[in-house]
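Just so we're on the same page: letters track the sequence lines, and every chain starts at 1.
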There are 4 protein chains.
Amino acid sequence: MIDVALFGAGRIGKIHAGNVAREAGARLKYVVDPDLEAAGALAALHGARTAATAEVFDDSAIGAVLICSSTDTHADLILTAAAAGKQIFCEKPVDLAIDRARACAEAVARAKVICMIGFQRRFDPTFSALKSRLAAGEIGTPEMLIVTSRDPGAPPIPYIKSSGGIFKDMLIHDFDIFRWILEDEAETLHANASCLVDPAIAAAGDVDSTAVTIRTKQGRLCQINTSRRAAYGYDQRFEVLGSGGMLQAGNHAPTEVVASTTTAVSRDLPEHFFLERYRAAYANEMAHLFAVLAGTAQLRTTIDDGLKALELAEAATTSWREGRIVRLA
Amino acid sequence: MIDVALFGAGRIGKIHAGNVAREAGARLKYVVDPDLEAAGALAALHGARTAATAEVFDDSAIGAVLICSSTDTHADLILTAAAAGKQIFCEKPVDLAIDRARACAEAVARAKVICMIGFQRRFDPTFSALKSRLAAGEIGTPEMLIVTSRDPGAPPIPYIKSSGGIFKDMLIHDFDIFRWILEDEAETLHANASCLVDPAIAAAGDVDSTAVTIRTKQGRLCQINTSRRAAYGYDQRFEVLGSGGMLQAGNHAPTEVVASTTTAVSRDLPEHFFLERYRAAYANEMAHLFAVLAGTAQLRTTIDDGLKALELAEAATTSWREGRIVRLA
Amino acid sequence: MIDVALFGAGRIGKIHAGNVAREAGARLKYVVDPDLEAAGALAALHGARTAATAEVFDDSAIGAVLICSSTDTHADLILTAAAAGKQIFCEKPVDLAIDRARACAEAVARAKVICMIGFQRRFDPTFSALKSRLAAGEIGTPEMLIVTSRDPGAPPIPYIKSSGGIFKDMLIHDFDIFRWILEDEAETLHANASCLVDPAIAAAGDVDSTAVTIRTKQGRLCQINTSRRAAYGYDQRFEVLGSGGMLQAGNHAPTEVVASTTTAVSRDLPEHFFLERYRAAYANEMAHLFAVLAGTAQLRTTIDDGLKALELAEAATTSWREGRIVRLA
Amino acid sequence: MIDVALFGAGRIGKIHAGNVAREAGARLKYVVDPDLEAAGALAALHGARTAATAEVFDDSAIGAVLICSSTDTHADLILTAAAAGKQIFCEKPVDLAIDRARACAEAVARAKVICMIGFQRRFDPTFSALKSRLAAGEIGTPEMLIVTSRDPGAPPIPYIKSSGGIFKDMLIHDFDIFRWILEDEAETLHANASCLVDPAIAAAGDVDSTAVTIRTKQGRLCQINTSRRAAYGYDQRFEVLGSGGMLQAGNHAPTEVVASTTTAVSRDLPEHFFLERYRAAYANEMAHLFAVLAGTAQLRTTIDDGLKALELAEAATTSWREGRIVRLA
C-alpha cells in the first residue's frame, strides 16, 4: 500500500483522486491546495485530509506525489519531491522555461525517482490500440502523420496570458503524440499560426489557430492543425499513412444513436472536452503509475518526454514569432 | 448507508458487487453462494463476508438484496425477501413459470417493497438516449420497431436445457425493449424459429435462430430477429421508424481506430458480449436502484415489467411450438 | 444491331430508353404510348418514332420489346410479343392474377423467347457485390435475411387502388431479393400489416406498413419490413447473417459530405427514390438484356422469377387478409 | 450544334470524348493524336475521324477544341486555337513554365475566347455540394482547410521526369481546391517534402511525399498533405473548419456493402483512381463547358485559375528546394 499526496484540487486533481481511490494498492492521504475549501471537500470525498506542502514532504510515509497544481508550481514541487525521494507524477508542462525543466529532469535523475508526465493521450484506448497495431506492422513503415487537435472553445484570457502560449499549453500534447507515434525526432519545424477565433487572444500576445509541419530525422513528415474553437466539440483525431496503408484514430461519441430525419442522417457530436474524452485514459494512466511503482510496468511517459515536447513547443513558438523554419539540435 | 446482501457470486454478481462498491450510500455486507470459494473471493474483494441465506434474512440491518443466483432460486428468494421486508433487485427472469412469477409479484406488492428487475438495457447510454429522443418527439409517432439481437456464440448445452428455452432466456430482454420503446402492448405475436447453429440445441429441445413479429394494440409492428451466434460478436441494435424519421441504436466498439489496407477499410468488431457491451448500463442500473431506494428516482423496471416480458416469451414459445399466431389477453 | 420497341413513355420507360441509347448494339425504333405527346417527345429525344401496337408487332425488323406500360397491359403484350417471336423485357409484375401470369410464362416457353423481368435490384452495384461475396463464401452459410424496404412517401390513392395491394406492388421486389439472395424457396409465410401512414390507404382496402416472415425449405429465416413512408427518403437495405459473419447492403447517398455543427455530425439522406437509387442498376439491367440477346450472358431474371415473386405476394396477401400462416406448395 | 476537335486520345481524352457524345448540342468531329491507331479507334467509336492539327484549325466549322494531349503541347495548341478563334478546353497545367502560361492567358484574352482549365474536382458532386453549403454559411466563416490528396501508386519514372515535379503535376489540383474553397489568395507558402515511397523518384530529382502550409491574405491557414502512394487507393479528402462548424468531403466507394467477420467490420476501399473517382465530375465538367458555350453558365475554371494554381506550384517548388518560406506577390 502506497500513501499518496495530491497537489491541486482542481478539475484534473479530482479526476486523479477518483482514480487513485480505485487503485487497490494506493491510498490518498493528503490533498494540498491554497483553496482550502476545495482541498477539504476533495479530501473528505476520499477519506484523506488537507495538509500544507511542508507536512507532505516531512511525512516519510508518503511514497508518491501527484502534482496537479498550477504550472508555475510544478518545478518547485518536482525539485522538492525529488530531494525528498518521493515518486512523482506531474501534469504537463514540467515548466514553461526549458532551463528550469531541464534542472527538474536532472534532479529527478539524481534522486533516482520516477517522474511520470501526464501525457494521458498515450493511455487512451483508441490511441494506444492504434499505436500497438502500428508497432505490429499492420501498415508497414510509417511515413506521414496528420494530427487534428481542436478545443471546443477558448479558455479565459487570463488563463491564456499565463499559459506560455498555445504551443506550450495546447500543442505540447500533440508534440508528444508525434514523438510517441513516429518514434522519431524532429529535424526541422515550421509553425504558422493566426488569430481567427477571438481578437482578445491576439491582444494577449497569443494565437488561436496553428498549422505546424515537422520533418523528422528519418525524413518523415508530420502536420498538426489546431484551433482553440471547434463549434462541434473536442476534435481529437490523428492518422498515420504507412507504406502499407493508413491507421486513423477517430473521435469518441457519447452514444451510438443515429437519427434520420427529413434533413439529414446524424450522429452524436464528439465527447465534449478532455474530461469526457479522456476519462478512460486518465484511469489507465493512474493504473500505469501504480503498476510502474509496483515494478510490473515500464514507465511510458518520462520527464524526458516532457522535456522533448517542451523543446518542440519552444521551437514552434520561435518559428511562429520569427517567421522561419527552425532546425532542432 | 444501506447494507446489501448479494446472492450469486458469478459473472453478473461480480459486476453488481463492483458497482455497489462505487455507490456512496451502499455497503456490500454479505455474499451468498453455494460455491463458497467464489463467495469468499468476491466478499474479500469488497470487504464483505460470506453468509448462509438464513443469516441474511435474519439480519435486520440488511436493507436490500441483490438476487443474481441461478434462475430456479429467484422466486424463493423474492418471496423470502418480500416477507422479510427487504428491498429487492433480481436478475431476469423472475421465474420460468408464469404462475410462480405472478405469485412473486403479488408478494412484492403486499410487502410494499420494490423489486427491480435487471433489464439493464434500459440503462444503456445509447438505448436510453434513443428512448429520450423518441419521447421528445424527434421522429413523430413510432410505427415500427426492428430489433436485432445476436449473441457471439451459443451457451453450453446443459445451460440451454435449464434455460427455459431461447424465448425466456434470450428474447426476454428484447420483449422488454419492445414494451419500453413502443409504450404499447402486444395484441398478436408470431414466432418462427429454426435450429441453424448447432443440432445439439435442437436435440436439447430448443432453437437457436428466431424471427418474431408482434402487432400492438395500437396497430404498430415490431420484428425481432435473434441468433445464438454472430461470428463478429455481440450484435445489439434496434431501430424505430416514426412518422417523422428513424432512430437507430448501433453497436458499441472498443476503440475508434479505422484501418485502411490493401483490401478494406475496417473498424473494430462490436464489444464482445454483454459484460463489455453493457458495462455502463450495469453501473447506471445499480445507481438507479440506490436512487430509487433514496427516494430520488422512480423505479424504471418493475416486477410487473418482468412479468409482462415473461408473458411475451411464453406466447412466443407457444406460437413457435404450435405453429400459430397467438393472441394476447 | 437489334431494333427495339418501347411500350410506355412514363418515368421508367424514359430511363430504359436512355439506357438503350447507350447500347452499341441496340437502336430504339418505336415508342408506343396512349399519351401521344409523351410518346412523341421520348421518341424524338432518341431518334425513334411513335407507333401503334399493331405496327410494332407487324414489323419483322423489331427484335425486342420493352414493356413499361401500365400493369394491366403486361400480359396481353407478353402474349402478343411471344406469339410474334419477339424477345421480351417486362417490368414487374407480370400480371396481378397468377393464372394469367402463368399463361404468359407458358406462352414465353412455347415461343422459345426470353422474357426478362425488371427486377433491377439484382443489378444494383451494392446488392450484386453482396451477392457475389456471399456466393464466394465470405460469411459461410446464410442463415437469416433481414430486408428493410421503405418508400419516401405513399403513391396517390388511385394508384394504390389499381396496384393489386402493397404486397404485389411494393414487396414483390423484396420477395425477389429474398429468393435471389438465399437461393431457397419459402415453406411458410406470415404477413402482418397495418395502416399507419394514411387512413385513406385503409379506405382503399390496402395497408401501408408490413412485417413479413418467411421460413424456407432449408429452415432459414427471412424478415421483411416495409413502409410506404420514410421521412428521410428511400430506405433500401438488407443484411444476411451467415455462419461466419454478416454482409449488409447500405443505402446510397448523393454525396460524401459530412457536416459537424453545434448540434450533430450529419451526412446526406439516402438517394431520394428509385429513379436515383437504382440509376446504375437500370443501366446494368439494360446492358444485361442486350448481353443475353447477344449470347454473352445468361438471363438473370426470368419470367419464372416473376411468377415465384408473385406467388409470394399472393401468399402474403392471403396471410394478411386471413390472419394466418400460409404454407407454400 | 457545335463541332469539336479533340487533341489527345489517351485515358482522359477518351473520357471527354464519351462525355461529348452525351451532349445534345455537341458533336465530336476530329480526334488528333500522333498515335494514329489510338486516334482512329477513338474516332471510330464516336463517329468522328482523325485529322492532322492543321486540318482542325483550317476547318471553320470547328467551334471548340479539347486539349488533352501531353503537357508540352498545351501552350502551342492554346496559342494556335486562340489565334483561330476557337473556344478552348485544356487539361492542367497550362504549361510548366509560368511565363509561357502567362503568354497563353494573354492570347486567350486578346482573342476573346474562353479557355476552360480541366480542374474537374470543382465539378465533383461531393466537393461542389460542400462548396455550396460553405457559401450558404452553414459553418460560418472558414478558418482552416486541411487537404489530403494521395495517389494509389507512383507513376513511371519517365513520366515523373517530364512532369515538372510533384507540385506542378499533382498538387496543382490541391492548390486549385485551396483557392476555390477559401476564396482567398496565398500570402506565404511553405512546402516540406520527402522521398519515402521510391528512391528512384529522388534519383529523378523529385519527391513523393509533401506537406504544404499556406497562410492566406486574410490570415487563414491551409495544410495540404500528399503522397504518391496510398496502399488503400485514391485518397481525396478535405475538410474546412469554420467559425460555426466543420464540413468534410469524404472518399467515394464503389459499393455500400459492409462485412462483419471474425476480425473486423469492413467497407469498400475508396474508388481506385481518378478515372473512377471523378467519373461524375468529368461528365459535369464537360456539361459545364457546353453550357458556358451556350451562354447558360458562367465559366468556373478559367485560364487565370490555371495560372494562379501554377504560381502556387512554382512557389512550393522554390520553398522546398531552398528550404524557406516563400512570400507571394
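Nearest approach of C:Val257 to D:Leu130, heavy atoms of both residues: CG2-N, 3.9 Å. Residues C:Pro125 and D:Pro254 share a closest heavy-atom pair of CB-O, 4.3 Å.
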Listing needed: what donor-acceptor pairs below 3.5 Å join chain C with chain D?
unit_1	atom_1	unit_2	atom_2	d
C:Thr126	OG1	D:Glu256	N	2.8
C:Met246	N	D:Ser260	O	2.8
C:Met246	O	D:Ser260	N	2.8
C:Gln248	N	D:Val258	O	2.8
C:Gln248	O	D:Val258	N	2.8
C:Gly250	N	D:Glu256	O	3.0
C:Glu256	N	D:Thr126	OG1	2.8
C:Glu256	O	D:Gly250	N	3.0
C:Val258	N	D:Gln248	O	2.8
C:Val258	O	D:Gln248	N	2.8
C:Ser260	N	D:Met246	O	2.8
C:Ser260	O	D:Met246	N	2.8

